[in-house]
Structures are given as structure tokens and as C-alpha cells.
Amino acid sequence: MGRGERKGRSRRGDRPTERGPDAGGPVAGVYEIDTGTCELVPDRFTPHGWVLKVNGVESSHVDLDDPRRLDFEYMRWFAALIAPRWSADHRLRVLHLGGGACSMARYLAAGYPEARQVVVEIDAAMAVLVRGWFDLPRAPRLRLRAGEARTVLESLREDTRDVIIRDVFSGAVTPERLTTAECTAEAVRVLSPGGIYMVNCGDTPDRTVARRETATMLQAFAHVVVISDPAMLAGRRTGNIVIAGSDAPLGESPDTMRALLRGAVPARMWAGEQVRRFASGARVLRDAPAATSWTVEGSVSREGTTARG
């Protein structure tokens, strides 16, 4: 479950040749980072392909020879919503909440040469490694910013991003403070008219998390779509669900539908009444109440829970 979910891959080559330190490229191994360890593993199916694991969980896939290749299906679903809305010459302004190996940022940099992107990664040590391994575009085209995703989001000016992508996991779970109505309201504030907020939601077959996140998005956006493979939407497996919101219609382009059907397992998109039915009865996610203080025998005690993340 989570952002490392991969399905239906076909063999495309032998084990990749490692590009050593002298070439400034990746070297397989386990590396200490601020939040634990990350492991860089050659992709045996793709020459010059690499899988990044963070604390044992698959986080990202990078093809050094082809930044337009997205191995994780949910990233292709992101791309299917973006491409019909903005032409390749648009100076797309993108905020990525969650960095990993910057797979989506590399993809958009290749497809939108004038794009300006900021990737927020909580682990500064991993960001340094990724910058050295994967030949990322330099600022101002792509900036890596170390920080906690919501804190950075709240610091940005309104109407400054066309796309915001949330792809943040602690293990297989997104920190709660990045899923709430209050956090979503910050995304709405930062987005420009016609912009898209997209989130990668990892969930189990009961889809409780995805239903609550969808209810939260419906409260904030006039248009919301839900994308996943049919088995996940039917509650038959654990995996990824993409939820996207905008103040303009989403997913109506035939190009979007064609892109969703091209995957190894064709994806399905829900919109309108289907989305409302999916979220029906689910509670909107809210920030936990601030801790309460009171005095007991001259000392101050605290009780309450704050959102994780």
C-alpha cells in the first residue's frame, strides 16, 4: 500500500549498469538520512532505472534515461489530469508536497520546459542525496526545499500555484495534519483560478480513509474526481486512490480518459454524483483541537492531542 504500489510491469531490459560516484550518479546501497535510512535499488526490469525505498517502503522510481516514464500508476493518473489543461509551453507553477526521488517533478520538467517547481521534502539529508543522484533541473526550474509540508504550504502567498500535488507518507500512511479541511483550505488559498489540488491516498479495502478525504475535498472544491483501478474502487484490495479538486471542471477531456485506459490495469474515474455517493456519510477530516491547560495543585498539566506530521 502507499506510494510504492506498482502493478502490471513488463520486463524491458537487464539489470541496470550502476553509475558510480565518479559519474555523479546513483550507487546501490543503504544510506543514513535524517528520518532513518533510505535504500537505492537497481530496477532489474529497466536499464538505468532505480527504486528508492525510505525506511523499507518503496517511495519512488526513476528512469535516468527517460524522465517521461512514470512507473507508479498513480503518478500517471496525476499526469492525465494535468496534460489536457495546460499546453507544453505554459509556465506551469507546481508545488510538490513530498519529494522522494522527485519522479513527478522530473516528468513535468521534461514536459513543461518553462515550468517553475518547488519540491518540499522533510528529510534534508535525503534531498541532498536525490539532487546528486538523479540529475535534477536546477533552480529556478526546480527548487528543493527542506521543511514540513503543511508549514511550507501555509507560508506561501495566495494565487501562486497552478498545481499542488500531495504525496507524503510516513510509512504507508499520510500524516493526519496533511489531510484535514484546514490544510485543504490552505491549498485552495494558494491555488490560482483553474488550478488543481491532487492527493495520493493510500488505503485498505474498506476505503474509509479515501472516503473521508473525498468528503473533505468536496467541502472545499466545486469539482472533485476520484481515480483508481476498478478493484481498488470496488474495495477488493489495498492500494492507491487519487483524489483531485478544482474550481473548474476536471477530467472531461477525452485525452484524460484515453490516458487512464492505457495503463497495465486500466483506471476508472468517478466524478459528480459518483463521487458524492462514494463520500456519503463520511466525516470531514478536521485538525485535532488544541491542547487544553489547567492548574492542578499549583502545577500546569496539559491534555489533548494535536495532529500528527
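For the numbers below, each heavy atom of this structure counts, side chains included, while hydrogens, waters and symmetry mates do not.
- Between the side chain of D34 and the backbone N or O of A125 there is at least one donor-acceptor pair closer than 3.5 Å.
- Atoms CZ and CD, from F72 and E58 in turn, are 5.0 Å apart once rounded to the nearest 0.5 Å.
- Comment: D159 does not engage R157 in a salt bridge, judged by the lack of any side-chain N to carboxylate O separation of less than 4.0 angstrom.
- Across all non-hydrogen atoms, the minimal contact from D63 to P47 is OD1-O, 4.0 Å.
- G263 and R76 make their closest contact through CA-NH2, 4.5 Å (heavy atoms, listed as atom of the first residue, atom of the second, distance).
- With hydrogens and angles ignored, the 3.5 Å screen pairs a side-chain donor or acceptor of T216 with a backbone N or O of L285.
- Using a 4.0 Å cut-off between charged side-chain N and carboxylate O, R131 and E121 make no salt bridge.
- Contact detail for V209 and G202: the closest heavy-atom pair is CG1-O, 4.4 Å.
- Taken to the nearest 0.5 Å, the OH atom of Y112 stands 15.5 Å off from the CZ atom of R91.
- Here the side chain of R106 pairs no donor or acceptor atom with the backbone of P137 at under 3.5 angstrom.
- At a threshold of 4.0 Å, the pair R237-D229 counts as salt-bridged, since one of the basic side-chain nitrogens sits closer than that to a carboxylate oxygen.
- For D43 (side chain) and W50 (main-chain N/O), no donor-acceptor pair under 3.5 Å exists by modelled atom type.
- Heavy-atom minimum distance, L136 versus A101: CD2-O, 4.4 Å.
- The shortest distance between side-chain heavy atoms of V57 and F169 does not fall below 4.5 Å.
- Counting heavy atoms of neighbouring residues, nucleotides and ligands inside a 6.0 Å radius, atom CD of Q274 exceeds 12 of them.
- Within the model, atoms CZ of R85 and OG of S87 stand 13.5 Å from one another, a figure rounded to the nearest 0.5 Å.
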From CA spacing to verdict: side chain to side chain contact (heavy atoms under 4.5 Å, CB included), M104, L70: CA-CA 8 Å; M104 196 69 203; L70 296 173; 4.1 Å; yes
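- E148 has a carboxylate O that lies under 4.0 Å from a charged side-chain N of R177, or vice versa, which qualifies the two as a salt bridge.
- Side-chain atoms of T180 never come within 3.5 Å of backbone atoms of R286 as a donor-acceptor pair (strictly under, hydrogens ignored).
- Under a 3.5 Å cut-off, the side chain of N240 and the backbone N or O of Y74 do not form any donor-acceptor pair.
- Distance check: R189 CZ to T160 OG1 gives 7.5 Å after rounding to the nearest 0.5 Å.
- The minimum heavy-atom distance linking I33 with L129 is given by the pair CG2-CD1, 3.9 Å.
- Note on V27: it does not cluster hydrophobically with V128, by side-chain heavy-atom contacts below 4.5 Å among ILVMFWY residues.
- Atom OG1 in T35 sits 8.0 Å away from atom CD1 in I122 (nearest 0.5 Å).
- Residue pairs meeting the ring pair (Phe, Tyr, Trp, His ring centres under 6.0 Å) criterion with at least one partner in residues 249-289, sequence neighbours excluded, are W270-F278.
- Looking at R141, its side chain never comes within 3.5 Å of a backbone N or O of E114 through a donor-acceptor pair.
- The two residues L95 and R161 have their closest heavy-atom pair at CB-NE, 3.8 Å.
- At most 12 non-hydrogen atoms from other residues, nucleotides or ligands lie less than 6.0 angstrom from CD of E158.
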Stepwise side chain to side chain contact (heavy atoms under 4.5 Å, CB included) check, V62 with H48: CA-CA 8 Å; V62 167; H48 304 138; over 6 Å; no
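- The backbone N or O of A210 lies less than 3.5 Å from a partner atom in the side chain of D203, making a donor-acceptor pair.
- Hydrophobic clustering keeps Y197 apart from V284 (ILVMFWY residues linked when any side-chain heavy atoms are closer than 4.5 Å, directly or through intermediates).
- Side-chain atoms of R211 and S280 include no donor-acceptor pair closer than 3.5 Å.
- Taking CG of D167 as the reference point, atom OG1 of T174 lies at 8.0 Å (rounded to 0.5 Å).
- A distance-only check finds no donor-acceptor pair linking the side chain of S59 to the backbone of K53 [under 3.5 Å].
- Ring pair Y31/W133: centre-to-centre distance below 6.0 Å.
- Side-chain atoms of R166 never come within 3.5 Å of backbone atoms of M198 as a donor-acceptor pair (strictly under, hydrogens ignored).
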